[in-house]
Amino acid sequence: SDEVAAYALTLGDDSLILAQRLSHWISRGPELEEDIALGNIALDVLGHARSFLTYAGLAMGKTEDDLAYWREEEEFTSLWMVEQPNGHFGVTIVRQLILSIYQHLLYSKLAESADETLAAIAAKAVKEVDYHRDHSIMWTIRLGLGTEESAEKMRHALEILWPYVDEMFLDEEIHRTLPEVAVLPSSLREDWDKEISAVLADAGLEIPATGQAMAHGRRGEHSEHLGYILAEMQVLARKHPGATW
Amino acid sequence: SDEVAAYALTLGDDSLILAQRLSHWISRGPELEEDIALGNIALDVLGHARSFLTYAGLAMGKTEDDLAYWREEEEFTSLWMVEQPNGHFGVTIVRQLILSIYQHLLYSKLAESADETLAAIAAKAVKEVDYHRDHSIMWTIRLGLGTEESAEKMRHALEILWPYVDEMFLDEEIHRTLPEVAVLPSSLREDWDKEISAVLADAGLEIPATGQAMAHGRRGEHSEHLGYILAEMQVLARKHPGATW
Amino acid sequence: EQAQARFDALIDKDSRVEPRDWMPAPYRKTLTRQVSQHAHSEIIGMQPEANWITRAPSLKRKSILMAKVQDEAGHGLYLYSAAETLGTPRDELNEQLLTGRAKYSSIFNYPARSWADMGAIGWLVDGAAIANQVPLCRASYGPYGRAMVRICKEESFHQRQGFEILLSLSRGTEAQKKMAQDAVNRFYEPSLMMFGPPDDQSPNSKQSMAWNIKRFSNDELRQRFVGMIAEQVKVLGLTLPDPELRFDEEKKQWIHKDLNWDEFMAVIKGNGPVNAQRLERRREAHREGAWVREAAAAYAAKQAQSEVA
Amino acid sequence: EQAQARFDALIDKDSRVEPRDWMPAPYRKTLTRQVSQHAHSEIIGMQPEANWITRAPSLKRKSILMAKVQDEAGHGLYLYSAAETLGTPRDELNEQLLTGRAKYSSIFNYPARSWADMGAIGWLVDGAAIANQVPLCRASYGPYGRAMVRICKEESFHQRQGFEILLSLSRGTEAQKKMAQDAVNRFYEPSLMMFGPPDDQSPNSKQSMAWNIKRFSNDELRQRFVGMIAEQVKVLGLTLPDPELRFDEEKKQWIHKDLNWDEFMAVIKGNGPVNAQRLERRREAHREGAWVREAAAAYAAKQAQSEVA
């Protein structure tokens, strides 16, 4: 249905923008192993994006590429969290920690969705996200407990990213209209809070006392970053309308 | 003539891309005074770009905006030096030092061009570039003689930028076909070498022993950076073909 | 006592207080806060516009926008200087901004999402700023009033440029007109809130008016502004997102919709869309520029030493 | 002496030398240089392709490209491991790369200017690499040969992907076809030079062949490669930028145009278009990652200590 497609689109957009951000690390990591690890995560996440977008496109008569390359900024529904810049390695790790715990909870529930396709995509994705989560937990602990400098950088990363946490758990119309199909974001909050608090405690870090941004990416109201991300991502495809690659 | 227009285009492209790079500093400078100073330089340089592009466009039946927003990467003729990333403040200062000494010599000669329009643009520009040169000399000396850290950063900046110096002095067909009009880039080299060597000596810095990149921006063969610069610069204009702003 | 009397007399005859004059501590404190907040607003206010410099859709607009953002940096400088004459050094004021202790105009905590925002910010945000600031040109504190004279002149230029951007868009393609209307929709209400809470909820205004810092109440200024834009929007061929807006001939005042003061307070408290981003950008510039400032200071110290020697 | 005799015997019967075996110092040195250069080439070779990941024109191509660049990082890892079995630690090899003392394949000092370069690099550069590497699967040093087996399998997959990119472009719009031809024009000559100088100017080849590291001469390998691409380019519907190219039936060999060995030498010496950029990117990643590596080491040390306690 149109609603299911719109819901799939939100999941696809989050993954697409996150993959775009993560892929920038390839050839720039702090060590070769991390080029591979972050690249693998980016590749998995791009895979999720493609599955969700392809499914969303079915109902809309569009391909994954129509949706990725030919929508305008206000038609994207990504969360502000995925749009945040990579920053230094610690910022990318904290962003990934926040998101992979979130996606793990989300996909675990979505795997039981009444929509079989979404359930199947989620069931496959959750296994991959499990690894992403482990990877970011491991790095959060290493960097939190590593040196004074690394702990300070992690505190800074938490501070600049935390304002975009609440948005991840906002229930929107699209979730409420699909009670059997969609996962209600607010239903994930409690578990997420518990899980991330435990990780941060293990890493000697704390949840920062920041404000919360009035972010509404699901409604097409985006951070100032998305325009730049799309300009780069879409530039080549848009120069060749109708072309096959 | 077409040749004069093509020559004006090379000057316009250098200034346009440099202004685009410099303008990124506005609201990001190390102190408020530098936001203003770098912004003023960017604004002057953009002004030069507009004069040269407008003049080039006259012979081609195009506006400055046609030339800035609707050419493809390989149609741009900018030098690799202007395309180099801003990096830290020291990199921007060294790039500006290299370029403003160069442009000062170039415009001083061009002010005596047989082409009256080019001569007039250059005569006006040279006064502004004189200030840009002073500004970058002053900072080069401050940073070269400031702290250990700043001197090291300046050495690094010189090292990563120096490979693009030779290209600035390459004589191309376009220069040779316009002996009375165009300034032969090679004719500037000796004075440039003298002047920059003196500044670096005053700053306790040395000309680095790097290789020289095979750079041929004048022929449309650009660094890997230009594609990104243009994607950002042109994104909005290209979404609205034929629009007036 | 004598000093207080002299100060009161200056205020009474609407004269200027100058830095050398004695002034009551609360007057100094209020002014320092107001002038520095104003300076911070200029500095933070550069960011939404800087966001579109590299993507400006014509070279002329790029050039105008760059010059405008430059002007704002200049305004920040005058205002920090004015604040310094009250005894607080610029470093300390900057520190207050970076640590979040000092406020700046809340409007800059909304993102600049489209090119049309360059128009809406110029027309509405600078417009509201001017309405606020023109009376400040007569503020009792001399350096502040004089800074405002210079700033207001440039601001009205900026407002006209913003208006022109919107006019070009509204006369342009359908997509451009839509972009313009969307920007006006987003900035209308926040710009009305730039004048601060309604008079009955603005306890500090009275003292500022007694000191001849403030000349008109928040609501009076808001009225003037609404009246102005209600006329100008017709020329633009756009609409204000306020179906209730009308001039009440009986009360002789503009009636506008209820403003979302909850959101206003939330934004002030740091929960606006881009508060965190704006402050972090400032902090980042400060952090990344530390080595440059240190080098400049070290060089200056060496120069001073060698001149002595 | 006995050891040398055992080594010679191993080479004679075309057996494998293993890390535990004694080997002559020059053999070890030559291999270390070759294997580490090969590893460096994989790592630097990620950059031209990473340049197009964020701009790939379809999600499928983006995904394939990301996987390919990942594979290259993986190849780098195997090869550093193989080099380490010869006694030089990875840190030291990396240091040689960052300081410019170690070389890597010169082809990566050309910029990847267009999307079609992803095709040309796959087809020509990976193609030439495979022609070079397939015989290395039988290299006398065990760990190197085994690494090459794994690498060659993936490389031929990459080559096919590159070919497919070009095929899609050449069957696409005029602009796409032009883009493809332009990329082939730029990469043709540098790819032929990947096999190294002509045999009569390649003094080290003979020793490498005697040691069963190299199996074919530079010119032999180049001949195979040219023959292959001369056929494949027809399927692509593109042309090679070499009007002189033909198979000489008498000499039974391919005649191609004179290659620009001056440029080749200049690029090797550091004067290629993007040598400086490629190295600086590596250095930057190393510099920016220093705090991460230090933290990881500090954490590991603390863990080790707490396990002991």
Side-chain angles (χ1 to χ4, degrees), chain B residues 16 19-40 42-43 46-47 49-50 53-54 63-65 67-69 88-90 93 139 141-151 153-154 229 232-245, chain C residues 39 42-63 65-67 69-74 76-77 80 90 94 114-115 165 168-169 171-173 175-176 179 281-282 284-303:
Chain B
L16 178 62
Q20 183 75 1
R21 282 293 196 205
L22 286 170
S23 69
H24 186 78
W25 276 103
I26 299 173
S27 78
R28 291 180 176 87
E31 52 191 29
L32 206 42
E33 285 79 357
E34 271 310 298
D35 272 17
I36 296 178
L38 284 177
N40 276 338
L43 204 48
L46 179 60
R50 296 183 62 196
L53 292 181
T54 300
T63 66
E64 55 175 6
D65 288 337
L67 292 172
Y69 294 99
H88 57 65
F89 184 71
I93 288 299
W139 270 112
I141 291 174
R142 273 188 190 157
L143 297 176
L145 301 178
T147 60
E148 259 312 301
E149 184 185 7
S150 69
K153 280 191 146 70
M154 291 299 275
I229 298 174
E232 183 173 320
M233 185 174 87
Q234 299 178 333
V235 61
L236 178 57
R238 290 197 172 206
K239 277 192 186 165
H240 302 269
T244 309
W245 301 94
Chain C
E42 296 282 357
I43 301 311
I44 297 289
M46 295 168 71
Q47 290 184 33
E49 290 168 314
N51 189 38
W52 285 93
I53 290 176
T54 58
R55 297 178 291 176
S58 82
L59 296 186
K60 184 179 155 203
R61 291 289 175 205
K62 188 193 288 279
S63 176
L65 185 60
M66 276 168 61
V69 184
Q70 289 300 98
D71 283 348
E72 287 160 4
L77 276 183
Y80 282 126
R90 187 169 135 196
N94 189 42
S114 84
W115 169 253
I165 288 175
S168 296
L169 293 176
R171 290 178 178 172
T173 64
Q176 285 180 303
M179 193 193 286
R281 163 86 81 84
R282 263 295 81 211
E284 190 182 6
H286 190 75
R287 209 161 50 226
E288 307 269 303
W291 71 272
V292 177
R293 295 189 304 274
E294 278 160 26
Y299 175 75
K302 283 179 200 169
Q303 286 300 99

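Lettering of chains follows the sequences in order, A, B, ..., and the numbering in each one begins at 1.
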**Q** Under a 4.5 Å heavy-atom cut-off, does chain B meet the side chain of C:R287, its backbone, both or neither?
**A** neither
**Q** Working note: B:K153 + C:E294, criterion salt bridge (charged side-chain N to carboxylate O under 4.0 Å, His left out); need CA distance, chi angles, decisive distance, verdict.
**A** CA-CA 13 Å; B:K153 280 191 146 70; C:E294 278 160 26; over 6 Å; no
**Q** Kindly compute the distance separating CZ (B:R21) from OG1 (C:T54), expressed to the nearest 0.5 Å.
**A**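 Rounded to the nearest 0.5 Å, the CZ-OG1 separation comes out at 10.5 Å.
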**Q** With a 4.5 angstrom heavy-atom cut-off, is it the side chain or the backbone of B:I229 that approaches chain C, or both, or neither?
**A** neither
**Q** For the residue pair C:A56 and B:Y69, what are the closest heavy atoms and their distance?
**A**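 Closest approach of C:A56 to B:Y69, heavy atoms only: O-OH, 2.6 Å.
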**Q** A side-chain contact here means heavy atoms from C-beta on lying under 4.5 Å apart; do C:S63 and B:L43 qualify?
**A**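 A side-chain contact under 4.5 Å exists here.
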**Q** When heavy-atom pairs shorter than 4.5 Å are enumerated against chain C, which of B:M233, B:R50, B:E31 gives the highest number?
**A**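 Among B:M233, B:R50, B:E31, the one with the most close pairs to chain C is B:R50.
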**Q** Could you pull out the closest heavy-atom pair between B:G39 and C:Q70, with the gap in Å?
**A**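 Smallest heavy-atom distance, with atoms named: CA-OE1, 3.4 Å.
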**Q** In Å, rounded to the nearest 0.5 Å, how long is the span from NZ of B:K239 to OG1 of C:T173?
**A**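 Separation between the atoms: 13.0 Å.
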**Q** Is the shortest heavy-atom distance from the side chain of B:S27 to the side chain of C:R281 under 4.5 Å?
**A**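 In contact.
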**Q** How about C:V292 and B:E34: do any of their side-chain heavy atoms sit closer than 4.5 Å?
**A**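 A side-chain contact under 4.5 Å is absent here.
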**Q** Chain B: which of C:H286, C:M66, C:M46 shares the most heavy-atom pairs with it under 4.5 Å?
**A** C:M66
**Q** What is the distance from atom CD1 of B:I36 to atom CG of C:D71, rounded to the nearest 0.5 Å?
**A** 9.0 Å
**Q** Identify which part of B:A68 has an atom lying under 4.5 Å from any heavy atom of chain C, answering side chain, backbone, both or neither.
**A**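 The answer is the side chain of B:A68.
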**Q** C:K302 and B:L145: which non-hydrogen atoms are nearest, and at how many Å?
**A**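 Result for this residue pair: NZ-O, 2.6 Å.
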**Q** Using a cut-off of under 4.5 Å for heavy-atom pairs, which of C:L77, C:I165, C:N94, C:I53 has the most such pairs with chain B?
**A** C:L77
**Q** Could you tell me which portion of C:I44 (side chain, backbone, both or neither) has an atom closer than 4.5 angstrom to a non-hydrogen atom of chain B?
**A**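 Neither part.
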**Q** Need one label for C:R55: side chain, backbone, both or neither, based on atoms under 4.5 Å from any heavy atom in chain B.
**A** both
**Q** Give, as side chain, backbone, both or neither, the part of C:L59 having an atom under 4.5 angstrom from any heavy atom of chain B.
**A** both
**Q** What is the distance from atom CD of C:Q303 to atom CZ of B:R142, rounded to the nearest 0.5 Å?
**A**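 The distance works out to 10.0 Å.
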**Q** If I measure from the heavy atoms of chain B, does C:A73 come under 4.5 Å with its side chain, its backbone, both, or neither?
**A**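 Both the backbone and the side chain of C:A73 come within 4.5 Å of chain B.
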**Q** Looking at B:H24, B:E148, B:R28, B:Q234, which makes the most heavy-atom pairs under 4.5 Å with chain C?
**A** B:R28
**Q** Taking every non-hydrogen pair under 4.5 Å, which of B:H240, B:E33, B:E149 racks up the most with chain C?
**A**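 Among B:H240, B:E33, B:E149, the one with the most close pairs to chain C is B:E33.
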**Q** List for me each residue that meets side-chain contact (heavy atoms from CB on, under 4.5 Å) alongside C:A300, sequence neighbours excluded, and say none if there are none.
**A** none
**Q** Heavy atoms only, distances under 4.5 angstrom: which of C:Q176, C:E49, C:R61 has the most pairs with chain B? Name it, please.
**A**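 Looking at each option in turn, the highest pair count goes to C:Q176.
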**Q** Looking at CD of C:E72 and CG of B:L32, how far apart are the two atoms once the value is rounded to the nearest 0.5 Å?
**A**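 Nearest 0.5 Å value for the CD-CG distance: 11.5 Å.
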**Q** Which bit of C:R171 is near chain B, if near means a heavy-atom gap under 4.5 Å: side chain, backbone, both or neither?
**A**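 C:R171 has no heavy atom closer than 4.5 Å to chain B.
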**Q** Checking heavy atoms, do the side chain of B:L53, its backbone, both or neither come under 4.5 Å from chain C?
**A** side chain
**Q** Please classify the contact between B:A49 and chain C as side chain, backbone, both or neither, with a heavy-atom cut-off of under 4.5 Å.
**A** neither
**Q** Please examine the side chains of C:S168 and B:T244, heavy atoms only from C-beta on, and report whether any two atoms are closer than 4.5 Å.
**A**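 Side-chain contact under 4.5 Å: no.
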**Q** Looking only at heavy atoms, which two atoms of B:A237 and C:P57 are closest? And how far apart?
**A** CB-O, 3.8 Å
**Q** Which is it for C:W291 and B:T147 under the side chain to side chain contact (heavy atoms under 4.5 Å, CB included) test, yes or no, and what are the steps along the way?
**A** CA-CA 8 Å; C:W291 71 272; B:T147 60; 5.7 Å; no
**Q** Is it the side chain or the backbone of B:F89 that comes within 4.5 Å of chain C heavy atoms, both, or neither?
**A**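 Both backbone and side chain.
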**Q** Can you tell which part of C:E288 gets under 4.5 Å to a heavy atom of chain B, answering side chain, backbone, both or neither?
**A**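 Neither part.
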**Q** As an exercise, state the distance from CD of B:E64 to NZ of C:K60, rounded to the nearest 0.5 Å.
**A**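 One gets 9.5 Å once the value is rounded to the nearest 0.5 Å.
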